[in-house]
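The shown structure was predicted, so the numbers you read here are calculated from the model rather than taken from an experiment. Numbered from 1 within each chain, the chains take letters A, B, ... in sequence-line order.
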Amino acid sequence: MTPQSLFRPFVAFSRQFPLAANILRRLLLSFVLLWAVTVMIFIGVEALPGDFATTYLGQSATPEAVANIRSELGLDQPLLTRYVTWLGDAVSGDFGNSWASGQSVSEQIGKRLGNSLFLAFFAALVAVPLSVGLGLLAVRYRNRIPDKIINILSLAAVSLPEFFVGYLLIMVFVVTFPTAIFPSTVYDGMDFLTRLESIALPVATLVLVVLAHMMRMTRAAIIQVMSSAYMETAELKGLDGLRIIIKHAAPNALAPIINVVALNLAYLIVGVVVVEVVFVYPGMGQYMVDAVTVRDLPVVQACGLIFATIYIALNMTADILAIIANPRLRHPR
Amino acid sequence: MRLKEIPISVWIGMTGIIVALICAFFAPWIAPYGETEVVGDVWAPASDQFFFGLDNLGRDILSRMIFGARTTLFVAFCATLLSFTLGIVMSFIAATNRGWIDLGLSRFNDLMMSIPTLIFALVVLATLPQNMPTLIIVMAVLDSTRVFRLGRAVALDVAVMDFVEAARLRGEGTAWVILREILPNTLSPLLAEFGLRFAFAILFVSTLSFLGLGIQPPTADWGGMVKDNKDGIIFGISAALVPGAAIAILTICVNLVVDWLLRRTSSLKGGRGDA
């Protein structure tokens with residue numbers, strides 16, 4: 001078979017179903033990316049200078065003791081062998097045991113990942129509609145008072161570190177006016193409403209941090225659409241402002257807005273790391289930070305891989321939704 | 001460019017940046033007490049003697065803030081400078097050579113960007129030794145991916161211009177084309193990006209220090225000071241909020257200036273929108 005005839009079925013497929021082929025290509029790309037990330041997280045990190053055994057033993061690191069620990073943890077195996085074993089186990093959901101505590105990493109992550117996603121989900125539930133709405137409002141009253149106020153406030157909010165927002169909220173809502181709960185502990189068998197109540201402050205922090213970003217990007221995306229020729233036509237036809245935005249601008253701005261939302265959801269996933277530490281919330285972020293402090297590599301690699309997977313998956317979803325939402329990509333010439 | 005045309009917000013931003021710079025440069029002369037000097041009770045409230053009160057070990061917060069400005073700004077500035085040098089050199093090489101060099105560098109850059117910066121930093125810092133040069137290099141390498149993307153996009157626009165082709169036909173080498181033809185024509189968007197990255201570096205180093213993985217005690221830095229004093233919050237002691245506010249104010253100031261720079265460069269391009 002010649003190379004051309006090998007590709008012919010795919011070429012025919014992509015002619016007939018351009019949308020499906022586009023999506024398929026994007027899916028494939030994500031898997032390649034994910035595989036490359038595992039190589040980076042495992043081989044890249046292990047190739048860096050620094051050795052757990054020496055760090056762990058500290059002053060008492062005799063050559064024999066170091067060799068003992070290294071063989072106990074399997075560190076004396078060749079790098080490639082360890083990578084293949086690690087990848088094989090990771091795909092089947094087994095991340096090995098923590099070096100520090102000896103407990104199963106997967107078990108810990110199972111509990112904590114749910115907590116983190118719970119937090120991120122409620123933050124997204126509040127932040128997405130609010131920021132898209134405010135973004136539309138800012139465009140509607142562009143260069144007038146509401147837009148300027150939103151612009152200045154969001155510029156300020158973008159600059160605030162997550163932990164400052166978090167402690168400020170604690171100061172106001174726990175110390176000065178005791179209405180909220182701190183620390184935000186959750187445990188198994190806690191009923192839903194109490195759980196919601198205890199994550200109120202971390203959710204508020206995440207919303208405040210993400211809101212400004214998302215709103216500014218929404219505003220920019222819509223204004224970009226607004227400056228195109230068909231918008232000028234609609235304006236000159238004498239349609240009123242809100243109608244132009246909803247009927248003409250919004251459908252075309254959908255793809256960029258979806259992109260903005262996904263990008264910020266991905267940002268939320270990272271934002272949980274700091275927010276969990278501030279509110280002493282038992283999630284993945286806290287687990288990872290603790291593991292980094294004691295250099296517990298299996299935990300760090302597992303958490304890193306999961307965060308990266310979620311991030312890549314969100315970006316992929318955004319791209320696929322953008323392909324579906326964009327008529328020009330749906331029917332390529 | 002007349003001074004009158006500069007809006008008030010930019011003056012506010014500049015003032016903030018200059019105050020921070022003065023603190024950073026002249027810290028040992030301005031600070032009333034030493035960086036690690038214990039001068040009184042733990043978490044003593046603000047008084048005439050101690051402007052912001054004392055911290056969790058009885059050190060003067062104002063003095064540590066001033067010394068902290070030095071550490072935080074120094075690390076952030078070095079990291080930004082390094083990340084710019086790295087990102088711009090790489091992106092310009094990619095944009096002028098095209099071909100497989102461009103392809104390889106761009107794909108590698110995409111790969112680096114597919115892991116969130118903070119997560120990547122945590123993974124890498126789990127093995128590397130904890131000291132300031134390592135911290136600066138890690139921050140710079142991770143941040144250079146963003147610079148690379150912008151630099152490549154901007155340089156590609158310029159690289160297809162007639163004057164670049166003229167230079168090539170004259171027989172100038174790659175280094176000349178990059179330094180004398182492309183760099184001067186991409187300076188203004190890159191300058192705005194420098195400010196943006198600097199603001200981000202301040203936030204990033206503070207976040208890492210807050211997580212206990214950045215600058216190590218007893219050196220004072222703003223993120224680390226928040227970490228030191230966070231346990232006081234629940235007792236109504238605002239010691240942790242002072243450095244937090246300083247980070248916020250400085251970043252806002254930098255952003256005010258950058259926002260204006262960005263608007264100026266985009267208005268030069270003309271067009272109906274100001275996106």
Open item on the list: Can you confirm whether Ile8(B) is buried at CD1, in the sense that more than 12 heavy atoms of other residues, nucleotides or ligands lie under 6.0 Å from that atom?
Closed with: no

Task: For chain B, which residues of residues 299-309 of chain A have heavy atoms nearer than 4.5 angstrom - done: Val300(A), Gly304(A), Phe307(A), Ala308(A)

Open item on the list: Please report the interatomic distance OG(Ser159(A)) to CG(Leu256(B)), rounded to the nearest 0.5 Å.
Closed with: 7.5 Å

Task: Shortest non-hydrogen contact between Val37(A) and Ser114(B), atoms and distance - done: CG2-OG, 3.5 Å

Task: Leu122(B), part contacting chain A, at a heavy-atom distance under 4.5 Å - done: both

Task: Test log, rule side-chain contact (heavy atoms from CB on, under 4.5 Å), inputs Leu211(B) and Val292(A) - done: CA-CA 10 Å; Leu211(B) 295 175; Val292(A) 174; over 6 Å; no

Open item on the list: Can you confirm whether Arg149(B) is buried at CZ, in the sense that more than 12 heavy atoms of other residues, nucleotides or ligands lie under 6.0 Å from that atom?
Closed with: no

- [ ] Sort out for me which of Thr207(B), Ile233(B), Thr117(B), Leu213(B) touches chain A most, counting heavy-atom pairs under 4.5 Å.
- [x] Ile233(B)

Open item on the list: At a 4.5 Å cut-off on heavy atoms, which part of Ile237(B) comes close to chain A: side chain, backbone, both, or neither?
Closed with: backbone

Open item on the list: Between Tyr167(A) and chain B, with a heavy-atom cut-off of 4.5 Å, which part of the residue counts as in contact: side chain, backbone, both or neither?
Closed with: both

Open item on the list: Which residues in residues 239-251 of chain B have any heavy atom closer than 4.5 Å to a heavy atom of chain A?
Closed with: Leu241(B), Gly244(B), Ala245(B), Ile247(B), Ala248(B), Thr251(B)

Open item on the list: For Leu128(B) versus Arg295(A), what's the shortest heavy-atom pair and its separation?
Closed with: O-NH2, 2.7 Å

Task: Within 6.0 Å of CE in Met40(A), more than 12 heavy atoms from elsewhere - done: yes

Task: Listed partners of Ser9(B) passing side chain to side chain donor-acceptor pair (under 3.5 Å), at least two apart - done: none

Task: Distance, nearest 0.5 Å, that separates CG of Leu33(A) from CE of Met113(B) - done: 11.5 Å

- [ ] For Thr218(A), enumerate each residue passing the side chain to side chain donor-acceptor pair (under 3.5 Å) test, keeping only those at least two apart in sequence or located in another chain.
- [x] none

Open item on the list: Quick check for you: among Phe120(B), Phe204(B), Phe210(B), Phe200(B), which has the greatest number of heavy-atom pairs under 4.5 Å with chain A?
Closed with: Phe210(B)

Open item on the list: Surrounding CZ of Phe74(B) (heavy atoms of other residues, nucleotides or ligands, distance under 6.0 Å), is the total greater than 12?
Closed with: no

Task: Leu203(B), part contacting chain A, at a heavy-atom distance under 4.5 Å - done: side chain

Open item on the list: Working to the nearest 0.5 angstrom, can you tell me the gap between Ser206(B) OG and Glu162(A) CD?
Closed with: 11.0 Å

